[in-house]
Number of protein chains: 4
Amino acid sequence: MFTLNAQSGVPIYRQLIEQIRRLVASGQLKPGDELPSVRELALAHAVNPMTISKAYSLAEAEGLLARQRGKPMCVAEQEHNKESKAERLKRLRPLVTQLINAAQQLNLSTQDVVSAVSHEMEQEND
Amino acid sequence: MFTLNAQSGVPIYRQLIEQIRRLVASGQLKPGDELPSVRELALAHAVNPMTISKAYSLAEAEGLLARQRGKPMCVAEQEHNKESKAERLKRLRPLVTQLINAAQQLNLSTQDVVSAVSHEMEQEND
Amino acid sequence: MFTLNAQSGVPIYRQLIEQIRRLVASGQLKPGDELPSVRELALAHAVNPMTISKAYSLAEAEGLLARQRGKPMCVAEQEHNKESKAERLKRLRPLVTQLINAAQQLNLSTQDVVSAVSHEMEQEND
Amino acid sequence: MFTLNAQSGVPIYRQLIEQIRRLVASGQLKPGDELPSVRELALAHAVNPMTISKAYSLAEAEGLLARQRGKPMCVAEQEHNKESKAERLKRLRPLVTQLINAAQQLNLSTQDVVSAVSHEMEQEND
DNA sequence: GTGGTCTAGACCACC
DNA sequence: GTGGTCTAGACCACA
């Protein structure tokens with residue numbers, strides 16, 4: 001469900017929040033859906049539970065998640081949880097920009113990048 | 001020449017090293033080429049000179065750059081500086097993967113991503 | 001554990017790295033052994049923590065030390081950490097050469113130097 | 001005559017001054033003796049002439065050397081230029097201490113060090 | 001002018 | 001508690 005990378009330099013809890021935002025924005029996490037427990041997620045990704053807990057707490061402060069006593073956290077019931085395609089594309093842009101910057105520094109053409117992306121996506125969809 | 005983003009979570013000096021690696025790999029920086037001075041780069045990106053200096057030093061430790069006393073650092077004269085297209089595509093992969101993960105979490109299709117990428121690249125090339 | 005000399009002209013962080021190399025080479029620091037914390041060492045030697053940190057980071061880049069999140073750095077589990085006596089004598093050579101150069105410039109005889117060295121070592125071993 | 005090492009971390013001009021001090025202390029440079037010209041020395045050691053010049057100037061300020069218009073610098077005529085053996089041994093001590101510290105960190109015995117030193121000195125004397 | 005080293009002190013991420 | 005990153009600013013070595 002989540003992809004955490006300890007080497008990337010980006011704090012783990014931020015990676016987690018960002019991914020929760022995306023799943024909520026796309027409707028893959030709907031209001032009321034339960035998230036994995038802190039312990040479960042920590043174990044699965046070999047990460048300290050406090051790190052997961054911090055991400056959940058910040059996501060709660062942001063109005064993304066809601067705490068339910070004695071039960072796992074769930075997606076908050078709120079306005080415009082699910083976003084339009086345009087909004088979701090906007091969320092993707094920073095990553096696109098980053099990719100393109102790298103491609104230019106690597107002297108790769110649009111064609112190279114597009115084929116790398118589409119090829120990789122096909123694989124993932126298997 | 002370089003794109004530094006203080007918000008990205010990735011340390012600035014690491015962003016810089018990574019971009020130097022790419023420019024060397026693509027031959028856009030050739031052995032002997034001089035890099036911008038520490039102060040110049042620091043000023044241009046509103047960053048502390050030590051941060052730039054740290055990146056340069058680590059790039060030197062890595063064999064990427066060479067120090068010339070009293071002169072700006074330059075690209076090291078060394079083995080396979082310039083890399084094949086395959087190698088450069090390999091360097092791009094982590095970013096592609098990251099993009100695709102995000103796209104899937106945002107429930108965007110291959111077509112959405114590819115068109116976002118190619119559209120953005122066209123703009124950059126203007 | 002370490003002998004740092006701010007007056008020697010050799011940067012402190014380099015002195016530290018060199019001494020770590022020696023202790024690892026001789027097996028006095030074994031893989032897994034923890035090093036003093038940055039703050040502790042900085043305090044003990046009246047040096048800025050960043051200076052120690054820089055040494056540790058470079059030693060890590062060199063594969064000598066390993067980082068453990070939230071815990072002190074430790075000696076890396078790696079290839080030929082411990083070195084043969086011949087290798088260790090090779091590490092000593094630059095210092096021997098330096099000493100001998102000085103001795104010759106001071107017009108001191110082999111006997112003078114040898115007795116100075118052995119006398120000093122006896123004292124240290126007390 | 002001089003041994004300069006650009007890698008050692010110790011500033012070149014300091015290395016030079018220290019070596020002049022030693023040669024004067026041992027009487028290998030006597031009052032009135034001329035030193036190599038700045039240009040000559042700079043060329044021989046592939047060093048910037050200003051660096052040599054700085055060393056000479058500081059040695060002059062220290063009363064070690066004297067400038068003679070239009071001629072190379074020479075050793076100053078002064079009190080106790082030449083030093084007793086005890087004094088010269090004292091100048092050697094820091095290097096001895098440094099060597100011994102390294103030897104202990106390398107887990108080498110007095111015997112190892114002494115034999116390395118005497119062996120090396122024999123070679124030099126050939 | 002260049003880069004290098006160090007300091008003092010702030011804030012962050014993770015255990 | 002650990003190390004990591006960054007800043008602002010000083011001083012040094014070298015061309």
Side-chain angles (χ1 to χ4, degrees), chain A residues 4 6 8-16 42 46-55 58, chain B residues 4 6-16 34-42 45-60 65-74, chain C residues 4 6-16 34-42 45-60 65-74, chain D residues 4 6 8-16 42 46-55 58:
Chain A
L4 300 181
S8 87
V10 181
I12 293 172
Y13 77 90
R14 273 179 207 261
Q15 295 180 40
L16 192 48
V47 156
N48 190 300
M50 277 190 54
T51 304
I52 308 291
S53 179
K54 181 173 182 178
L58 286 171
Chain B
L4 301 181
Q7 317 308 330
S8 90
V10 180
I12 294 173
Y13 77 92
R14 275 185 207 272
Q15 295 180 38
L16 190 46
E34 289 188 352
L35 276 87
S37 85
V38 169
R39 290 148 166 82
E40 190 182 331
L41 212 48
H45 290 88
V47 155
N48 188 294
M50 265 202 68
T51 304
I52 307 292
S53 179
K54 185 174 182 179
Y56 277 9
S57 294
L58 287 172
E60 187 207 359
L65 302 185
R67 190 193 316 273
Q68 345 175 56
R69 293 223 180 181
K71 296 183 59 188
M73 299 206 66
C74 69
Chain C
L4 301 181
Q7 317 309 327
S8 89
V10 180
I12 294 172
Y13 77 91
R14 275 183 208 274
Q15 295 179 39
L16 190 48
E34 289 188 353
L35 275 86
S37 84
V38 168
R39 290 149 164 83
E40 191 182 330
L41 212 48
H45 290 90
V47 155
N48 189 294
M50 265 202 68
T51 304
I52 307 291
S53 180
K54 184 174 182 179
Y56 277 9
S57 293
L58 287 171
E60 187 206 1
L65 301 185
R67 190 193 317 272
Q68 344 176 55
R69 294 223 178 181
K71 295 183 61 188
M73 299 206 66
C74 70
Chain D
L4 300 181
S8 87
V10 181
I12 293 172
Y13 78 92
R14 271 179 208 261
Q15 294 181 40
L16 192 48
V47 157
N48 190 298
M50 278 191 52
T51 305
I52 308 292
S53 179
K54 181 171 183 180
L58 287 171

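By convention in this document, chain letters (A, B, ...) are assigned in the order of the sequence lines, proteins followed by strands, and residues within each chain are numbered from 1.
- Rounded to an integer number of Å, the gap from CG of C/Leu41 to P of E/dT7 is 12 Å.
- Whole-Å rounding puts the C/Gln68 CD to F/dG1 P distance at 18 Å.
- Contact between the side-chain N/O atoms of D/Tyr13 and the OP1/OP2 oxygens of F/dA13 is found at a separation under 4.0 Å.
- Contacts of C/Val47 with the nucleic acid, taken as non-hydrogen atoms under 4.0 Å apart, involve only primed sugar atoms and P, OP1 or OP2.
- Between C/Pro11 and A/Pro11, it is C/Pro11 whose nearest contact on DNA chain E lies nearer the 5' terminus.
- Rounded to whole Å, atom C1' of E/dC6 lies 13 Å from atom CG of C/Leu4.
- At a threshold of 4.5 Å between non-hydrogen side-chain atoms, the residues B/Arg69 and D/Ile12 count as touching.
- Distances shown here put every side-chain N or O of B/Lys71 at or beyond 4.0 Å from the OP1 or OP2 atom of E/dG3.
- For the pair C/Ile12 CD1 and E/dT7 C1', the interatomic distance rounds to 10 Å; values are reported in whole Å.
- OP1 or OP2 of E/dT5 has not a single side-chain nitrogen or oxygen of C/Thr51 nearer than 4.0 Å.
- Using a 4.0 Å cut-off, no side-chain N or O of A/Lys54 falls inside it from OP1 or OP2 of E/dC14.
- Each of D/Pro49 and C/Gly70 was assigned the nucleotide of DNA chain F with the nearest heavy atom; the assignment lying further toward the 5' end belongs to C/Gly70.
- Pairing partner, F/dC14: E/dG1, with both Watson-Crick or wobble hydrogen-bond distances short of 3.5 Å.
- One can place CG of A/Asn48 at 17 Å from P of F/dT2, the figure rounded to the nearest angstrom.
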Review point. Is there a side chain to side chain contact (heavy atoms under 4.5 Å, CB included) between B/Leu41 and B/Tyr56 once you walk through the steps?
Key: CA-CA 11 Å; B/Leu41 212 48; B/Tyr56 277 9; 3.3 Å; yes
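- In this structure, C/Ile52 places its CD1 atom 13 Å from P of F/dT2, rounding to the nearest Å.
- Between C/Glu40 and D/Val10, the one whose closest nucleotide on DNA chain F sits nearer the 5' end is C/Glu40.
- Across every non-hydrogen atom of D/Thr51 and D/Tyr13, the tightest pair is O-CB, 3.8 Å.
- Here the shortest heavy-atom pairing between A/Leu16 and A/Leu4 reads N-CD2, 4.1 Å.
- Between E/dG3 and B/Ser53, no contact under 4.0 Å exists linking OP1 or OP2 to a side-chain N or O.
- Nucleotide F/dC6 holds its C1' atom 8 Å from the CE atom of C/Met50, rounded to whole Å.
- Put simply, the side chain of B/Gln68 does not reach to within 4.5 Å of the side chain of B/Met73, judged on heavy atoms.
- Without hydrogens or angle criteria, D/Ser53 side chain to D/Pro49 main chain gives no donor-acceptor distance under 3.5 Å.
- Contact of C/Arg69 with F/dG3 (side chain to base): no donor-acceptor pair of N or O atoms is detected under 3.5 Å.
- One finds no side-chain N or O of A/Arg14 lying less than 4.0 angstrom from the OP1 or OP2 phosphate oxygen of E/dC12.
- Between E/dG3, E/dC14, F/dT2, one nucleotide has an atom nearer to the side chain of B/Arg39 than all others, and that is E/dG3.
- Summarising the geometry, the separation between CD on B/Glu34 and P on E/dG1 is reported as 16 Å, rounded to the nearest angstrom.
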